[in-house]
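Values reported hereafter were calculated over all heavy atoms of this structure, with side chains retained and with hydrogens, waters and symmetry mates removed. Being a predicted model, the structure only gives us computed values, none of them experimental. Every chain is numbered from 1, with letters handed out A, B, ... down the list of sequences.
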Amino acid sequence: METMNLLQAIHEGLAEEMRSDESVMVLGEDVGRAGGVFRVTQGLQEEFGAARVMDTPLAESLIVGSAIGLSVNGMRPVAEIQFADFIPPAFDQIVNEAAKFHYRSNGDWNCPITIRAPYGVVPGGALYHSQSIEAWFCNTPGLKVVAPTFPADAKAMIKSSIRDPNPVLFLEHKRTYRLIKEEVPDEDHEVPLGEARVHREGADITVVAYGLMLYTALEVAEKLSEEHGIQTEVVEPRTLYPLDKETILDSAKKTGKVLVVSEANLTGSFSGEIAAIVAHEAFEWLDGPVMRLGAPDVPAAAFARPMMDYFMPSAKEIEAAMLELARY
Amino acid sequence: METMNLLQAIHEGLAEEMRSDESVMVLGEDVGRAGGVFRVTQGLQEEFGAARVMDTPLAESLIVGSAIGLSVNGMRPVAEIQFADFIPPAFDQIVNEAAKFHYRSNGDWNCPITIRAPYGVVPGGALYHSQSIEAWFCNTPGLKVVAPTFPADAKAMIKSSIRDPNPVLFLEHKRTYRLIKEEVPDEDHEVPLGEARVHREGADITVVAYGLMLYTALEVAEKLSEEHGIQTEVVEPRTLYPLDKETILDSAKKTGKVLVVSEANLTGSFSGEIAAIVAHEAFEWLDGPVMRLGAPDVPAAAFARPMMDYFMPSAKEIEAAMLELARY
Amino acid sequence: MAIRETSAGHEALGLDEDDLRRMHYHMLLARRVDERSWILNRQGKAAFVISCQGQEAAQVGAAYNLLPGNDFLYPYYRDSGMTLLLGQTPRDQFLSLLGKKEDPNSGGRQMPGHYSSRRLNIVTSSAPVGIQYPQAAGTALAYRIRGEDGVVLVCGGEASTSGGDWHEAMNFAGIHDLPLVFLVENNVYAISVHAEFQVAGSIAKRAEGYGFPGHEVDGNDVLAVYEVARDAFGRARAGEGPTLIEAKTYRITAHSSDDDDRRYREREEIEEWRQKDPIVRFEKYLMENDILDESERDEISERIKAEVAEASKYAEDASFADPEDVLSGVYAEA
Amino acid sequence: MAIRETSAGHEALGLDEDDLRRMHYHMLLARRVDERSWILNRQGKAAFVISCQGQEAAQVGAAYNLLPGNDFLYPYYRDSGMTLLLGQTPRDQFLSLLGKKEDPNSGGRQMPGHYSSRRLNIVTSSAPVGIQYPQAAGTALAYRIRGEDGVVLVCGGEASTSGGDWHEAMNFAGIHDLPLVFLVENNVYAISVHAEFQVAGSIAKRAEGYGFPGHEVDGNDVLAVYEVARDAFGRARAGEGPTLIEAKTYRITAHSSDDDDRRYREREEIEEWRQKDPIVRFEKYLMENDILDESERDEISERIKAEVAEASKYAEDASFADPEDVLSGVYAEA
Ligand SMILES: Cc1ncc(C[n+]2csc(CCOP(=O)(O)OP(=O)(O)O)c2C)c(N)n1
Ligand SMILES: Cc1ncc(C[n+]2csc(CCOP(=O)(O)OP(=O)(O)O)c2C)c(N)n1
Ligand SMILES: [Mg+2]
Ligand SMILES: [Mg+2]
C-alpha cells in the first residue's frame, strides 16, 4: 500500500488501466508533453506514446466528440477537460450524444468513454476556473456523474469509470488534489459506481457532502462530537448520478435530520435533488427541516482573496447549520 | 381585447416591441422568410425587413453569441433557438458569457438579450424535439429563465423580457402553442419577471406546475373539487429563475401539502429545487411529504406514440398523487 | 473552382456493368421507398417524412466506395440511398418510418432517418445537425492509432458546415491526416434558408486552408461523385489523409412533411431541378451505353415496386414496442 | 502564402514621427508593466501573471487603427499593448493584477487580463478561449444594420481558431460582409501545445474559403502589422467586409505564472526569438531613421520606469473590495 494524494491516485488508476488494456487512451489539452496543467497525466506520454496520450487542439466539442468516435471503433478513451468551467462547448456531445448513444440505438451501440474535469473553487481561479458544474449534468439519463473525494476511492473509481460501458463524467475537486494523503491499495481495489459511502456514523444528524465541503464537514463533525457530544453521520454520494438514494435515505431515517452541503451556487444545485428525495421519501422520519448550504447565487468565486473567501461556504457556517439542525 | 393562443400572443408581443423600439430585432434559423418553423415570427420580416428579422446560419453558438455582441452595440436582440434540444451549442455563450457579462465587468456592461426556445414533448418529436431543458439553466446566477404558459402572460412576459437589462431565456411549451385561447389585453399589460401566479385558490393541497403539466393540473384540480371536494391551490412559477419563493411558500404554509409537477426527467430536474425550498423553509407547516412527479429517468420521449404516451406524466398519475397527498 | 463532372466513362473508372446496375437499383429503390413514405404520410400513417429525393446520386456514388465491415459510415438523415446500399432493407426503412418495434435504427424511439446498424458499421445518428463530425474524426483516429486501413465516411447537408463541429473535425483531420472522407451534400436549402445566407465563400475551397484537398462535384452525376470519392477513399487508405467533397445537388421535396416550401421558394426552381433528376440522368447514360433498355428498366421498376409494397405492408402490420419499453436500456450493462 | 513584411517606410504608410513615438512608447510601456508584474508575482503579491511579451508589435500595430469611441475592441488576455494604447493606464493594469477594488475591468472579480472598459469600447472579456468571436460578429452586424461606419477588432491566439466559435464567426462575417477585423496572434504555443498539433494547414489561408482576404504578417514588425491592419480597417469602413490577419509571433514568457515551460520547449528556441524582439527591432528602425537616439530612448525608458513604479505602488497600497461585494451586481437594474 502506497500513500498518495488525490492527484497521484488518479494518475495511478489511469496508468494501471493503460497498462492492462491497450485500448485505453488519454486525450485533451496539454495532457501529453506537459503532463496536464495539474500534472495528473505526467509521465504517461513517455510510457505510452503520443498516440495514446494525445495533445488535442483547444476544442472541447472535438475532445469529447472524438472520444465518442474512438469508442465506436474499439477504444476506451479518457478525455480531459482542462477546467470544468470549459466543458460547455462539449455539452452537446455529452448530453445529446454520449448519454443517448445506447438508448437511442435501442442497445445497438455503447459509448464507453470517461470525461475527467477538475472543478471547484481554487485561490486565484476566479469566475472561470472555479465553477461547480454538476447540476448541468445530473438531469441526463444515460450519463453517469461521479465525484470521489478520497484518494483510494478516486483510484478505484477512475478504473471503474473506464471499464464502465457507459459515458462517465469524472469530477475532481481541484483544491483537494493535494489536500490529504491516504493509503491506497495496490491491487485491484474496486469501488463500483453508484454506491455512496458513510464516512462516519452518528445518530444525531446526517450531513451529505462531497468534494472540498466533505473534508470541512468531516472536520466539523469531529469538533461537534468533541465539543457538544453531537454525533454526525457523514454520507458522501461519490456517484451523484444515478444517485445511491438508499444509503442517503437510510441515514436520514436513522437521524431524522439532514443537511446537504455543496460548493455550488445554492439555487438549482444538485443539493436540491438530494434534499427533495429526503423530503419526499423520508418524510415520516424527519425531525427537522431538510437543510442545505451552498455558495451564494452569484456567478462564481471572485479573484480577490477576500471576496473569494467570503463566497465559500465556511466551516463556521457549516458548524452553525449543523448545530441548528442538531438542536432543532 | 383579442382572443389568442400562446403562439399568437408571443407573436404579438414581439411585433409590438419591434414597432415601438427600433433596436429590437429577431434572429435565428428560418425566422425570416419562413416565419419560423412554428410560425411565431410569421410576417415580421415583411414588416421590419431582412436586417431586423434575420435568418442566420445553422449555428446556435453564433446565434446567441452574436446576439450578445448586438446588445453590446445598442440592439435588443431576440434570438430564437429552433428547438430547445438544440440549445447546447449555445450553452457556453449563455451560461459563461451572457449571464456573467454584468457581474464580471463589475456593472460596466449589460447584456439585454432574449433567447426564445420551444421545449417539451410533442407527438412525433422524439428524443431530439422533446426535451425539457430548464435544469440546465437554473443554476446560473445572472440569467433569468421564464416559462409562461397562458397567452396573456406570455405576451406580457416576452415584452418584459425584451425590456429587461439582463439575459432572459424564454421557454415556450410547443404542445401548448395552440392548446387554448384566451383574451389578451391590447395595451401594455405588464407582468414583471419574477412573479409567480396563483391560478386557483384552495386550502387542501398545493400543486406547483408549469407548461403542459399546468393545464393538466388545473383540470385535475377541477375534477378533484367536483368529485371529492378537495380544494387545490395551483401555483405557476412563470419565472423559474430567480424563483418567486414567497408565493410558493405562502401556499405551502397555507395547505401544508405540496406536489411539484413538471415534464422533465424527474431526477435532477428543477422540481427538486422547488421541493427543497419548501422542505426547508415551510417545514413547520408541512402535513405531508413534499411530492414530485415528472417524466421517468430515460433520455426523452420516444417517437412511437404508445411509448411517448407512456413516457408523459399523465392526468391519472397526477390525480393519484394529488389524492394521495390530500388524504395524507 | 471548377465543378468536377464525369471525366470518363465507367470502364475508365473500373466499374463494370454489374456495378452500374447495383448503383442504379439502389438509387431507384431509395426514391421509391421515399415516395411511398409520403403516401403513408398523406394516409395519416406516417407522422413524419424526411426525403432523399434528388440526392440519390451523391449518396450512392460516394457510399459505393465503402468496404462493408471495414469502413464506418456516419450518415445524415437524408442518406437512405447509402443505408440501403449497405444492406438496410426497404422493410427496415418503413419499420423505422412508422416507429415499429422492429425498427433496426432505434426500436421506434427515434424519428425516421436516424440510422444505426452496428452490424453494418452505420453509426447511430441523431438530430443535432453537424454533431457527427468530431465523432467521425475520432473513429478515423482509432484506425490511425492502430495502423489499420479502414476509412470513415461522414455526411451532412451544407448547413452542417455552419456549426463549429464541422470545423473542429476538419482541423483535427488535417492535423493527423485522418482517413476520413467528408461528404457535404449541398442541396441549396437548409429548411427555408438559402445557401447564400448559410455559406460564405465556398465549402469545397475551405479544405485547402486545412491542408488537404477539397472538390466540388456535380452531385447529380453518380459517376462523377463515385470518381472523386474513389480518389478520396484511395488517399485515405494510403494514409494520405482526409478529403472534402462538396456535392452540388438539390432538395426536390419540402424539407420534411412538416414543412411548406411555398413560403420560401418558387415552383419553377424545383421544376428546373427536376429536369436534372439524377436517376433519369443515370438511366440515360445506361441506355446510351446499352447497359439498360426500356423493358429492363420497367422490369426493375416493377420489381422495386413490388418490393416496396411488400415492405410497406409488412411495416404497417408490424407491432409497436410495448409502451413500457420506453423505460428500458438507458444504461448498458457491463 | 508569403508573409507580409513592411513594404514601405513609415511615411509611405502615412505615419508621422509622433505616431511612431506613440507606438514605441506603448510597446515599451506594455513590456515594462508586464515585467513588473512578474516581480510582483515572485514577491508573492500577484497570484497570477499572463504576459504580452513578444507580442507588443502585433498588438500596437493592429490597435493603432482603432478610432476611439467609434470602434469596438474584443481583446484577449495578452492584449495589454492594446488596452494601454486605448487609454487604460499602468495603474489600471496593476489594480487588476492585484485584484483591487479599483480594478476597472472587474473590481477584482476576474483574473488579470480580462479587460473591460465601456468608456473605451473595450468589451468585457473572459477566459473561455475563442468565445469572443461570435460576439464581435454581432457587434459588427449592429453597425451594418444601422449603416454606420464603425469597425470591430477581435483578437485571439492561434488556438482560439481551433474551436467552433471562430469558424461560426468567420462564416457569418463572410456572409454579411461585416466590418470586422480578425487578428490572430500566432505565438506558436497554446500553453504547451505546439502549433503543429493545433492548426492544420494555414490560418490565414482559410479566409479565402469564406470569401474574404487573409494575410500572414510578421507579427514582430509593428509597421507591417499596422499596414495590413490599416488596409483591413479601410476595407471594413468602406463596407467591403472582413479581413483575417495572422500575425506570426512568439510567446517569450511561459504561458503564465502557473506554467513551467521547461517541460515542453528548449531554451534555445526562446533565445532565438529574443533576438527578434519586436521592441528592439522597432527601436533599431527608429534610430536608423533618426527618430530616436540612445539618450531619448533612455529618457523614455526612465519615464516609463517611474510611471510603472508609481502605478505599481499605488495598486499595492490600494484596498480590496469589501468581501461582501462579491454578492452584489448579479443582475442589472432596469
Ligand atoms: C443544431 C441543430 N439546429 C437546428 C436544427 C433544426 N434543423 C433540422 S434540419 C435543419 C436544416 C439542415 O440543413 P442542411 O444541413 O443543409 O441539410 P438538408 O436538410 O438541406 O439536407 C435544421 C435547421 C437541428 N436539427 N440541429
Ligand atoms: C475553452 C477553453 N479551453 C481551455 C482553456 C485553458 N487555456 C487557457 S489559455 C489556453 C491556450 C491558448 O492558446 P492560444 O489561443 O494560442 O493563446 P496564447 O496563450 O498562446 O496567447 C488554454 C488551453 C480555456 N481558457 N478555454
Ligand atoms: Mg441543405
Ligand atoms: Mg498561442
Side-chain angles (χ1 to χ4, degrees), chain A residues 60-61 85-89 91-96 99-100 103-104 126-128 131-142 240-243 260 264-284 286 288-292 296-300 328, chain B residues 60-61 85-89 91-96 99-100 103-104 126-128 131-142 240-243 260 264-284 286 288-292 296-300 328:
Chain A
E60 284 76 10
S61 182
D85 312 64
F86 304 135
I87 209 168
F91 194 64
D92 212 9
Q93 295 285 356
I94 299 171
V95 304
N96 267 338
K100 297 183 172 59
Y103 184 83
R104 81 186 188 199
L127 299 184
Y128 293 100
Q131 297 177 62
S132 289
I133 53 109
E134 52 275 24
W136 295 346
F137 294 100
C138 289
N139 189 219
T140 298
L240 298 180
Y241 191 89
L243 186 68
V260 188
N265 308 117
L266 185 64
T267 305
S269 67
F270 193 65
S271 297
E273 179 62 30
I274 299 173
I277 288 170
V278 171
H280 186 179
E281 299 183 40
F283 176 71
E284 290 288 340
L286 289 182
V290 187
M291 289 174 67
R292 289 187 301 158
D297 289 329
V298 313
Y328 199 91
Chain B
E60 284 76 8
S61 183
D85 313 63
F86 305 135
I87 209 169
F91 194 65
D92 212 8
Q93 295 286 356
I94 300 170
V95 304
N96 267 339
K100 297 182 172 64
Y103 184 82
R104 79 185 188 200
L127 300 184
Y128 293 100
Q131 297 176 62
S132 289
I133 53 108
E134 51 275 24
W136 297 345
F137 295 100
C138 288
N139 189 218
T140 299
L240 299 180
Y241 191 90
L243 187 68
V260 188
N265 308 116
L266 185 64
T267 306
S269 67
F270 193 65
S271 297
E273 179 62 31
I274 299 173
I277 289 170
V278 172
H280 185 179
E281 300 183 39
F283 177 71
E284 290 288 340
L286 289 183
V290 188
M291 287 173 67
R292 290 187 300 159
D297 289 328
V298 312
Y328 199 91

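The minimum heavy-atom distance linking B/Pro289 with A/His280 is given by the pair CB-O, 3.5 Å. Between A/Asn139 and B/Ser269, the shortest heavy-atom contact is ND2-N, 3.5 Å. Shortest non-hydrogen contact noted between B/Arg104 and A/Leu127 is CB-CD1, 3.4 Å. Contact record, A/Ile277 with B/Arg292: CG1-NH2, 3.9 Å, taken as the closest heavy-atom pair. In terms of heavy atoms, B/Val95 sits closest to A/Pro88 at CG2-CG, 4.4 Å.
Most heavy-atom pairs under 4.5 Å with chain A, from the set B/Pro296, B/Gly268, B/Gly142: that is B/Gly268. Contact count against chain B (heavy-atom pairs under 4.5 Å) is highest for A/Gly272 among A/Ala282, A/Gly272, A/Ala264, A/Pro242. Most heavy-atom pairs under 4.5 Å with chain A: of the set B/Cys138, B/Pro299, B/Ala300, this distinction falls to B/Pro299. Across B/Ile133, B/Asn265, B/Ile94, B/Leu243, the residue that shares the most heavy-atom pairs under 4.5 angstrom with chain A is B/Asn265. Between chain B and the residues A/Pro89, A/Ala135, A/Ala275, the most heavy-atom pairs under 4.5 angstrom are made by A/Pro89. Counting heavy-atom pairs closer than 4.5 Å to chain A, the top-ranked of the candidates B/Tyr128, B/Phe270, B/Tyr241 is B/Tyr128. Per-residue heavy-atom pair counts under 4.5 Å with chain A were compared for B/Val278, B/Leu240, B/Thr267, B/Asp85, and the maximum is reached by B/Thr267. Note: B/Pro141 leads B/Ser61, B/Ala276, B/Pro141 in heavy-atom pairs under 4.5 Å with chain A.
Interface residue A/Val298: backbone and side-chain heavy atoms are both found under 4.5 Å from chain B. Neither the backbone nor the side chain of A/Phe86 comes within less than 4.5 Å of any heavy atom of chain B. When heavy atoms are compared at a cutoff of 4.5 Å, A/Thr140 approaches chain B solely by way of its side chain, counted from C-beta outward. Interface residue B/Leu286: backbone and side-chain heavy atoms are both found under 4.5 Å from chain A. Neither the backbone nor the side chain of A/Phe137 comes within less than 4.5 Å of any heavy atom of chain B. For A/Ser132, the part lying near chain B is the backbone, with the side chain staying farther off; criterion is any non-hydrogen pair under 4.5 Å. With a 4.5 Å cut-off on non-hydrogen atoms, A/Glu281 does not touch chain B at all. Using a 4.5 Å cut-off between heavy atoms, A/Ile274 makes no contact with chain B at all.
Taking the six-membered ring where the residue is Trp, B/Phe91 and A/Phe91 present parallel rings, their angle staying beneath 30° rather than reaching 60°.
By the ring pair (Phe, Tyr, Trp, His ring centres under 6.0 Å) test, B/Tyr103 pairs with no residue at all, sequence neighbours left out.
A donor and an acceptor atom, one from each side chain of A/Gln131 and B/Asn96, are located under 3.5 Å apart.
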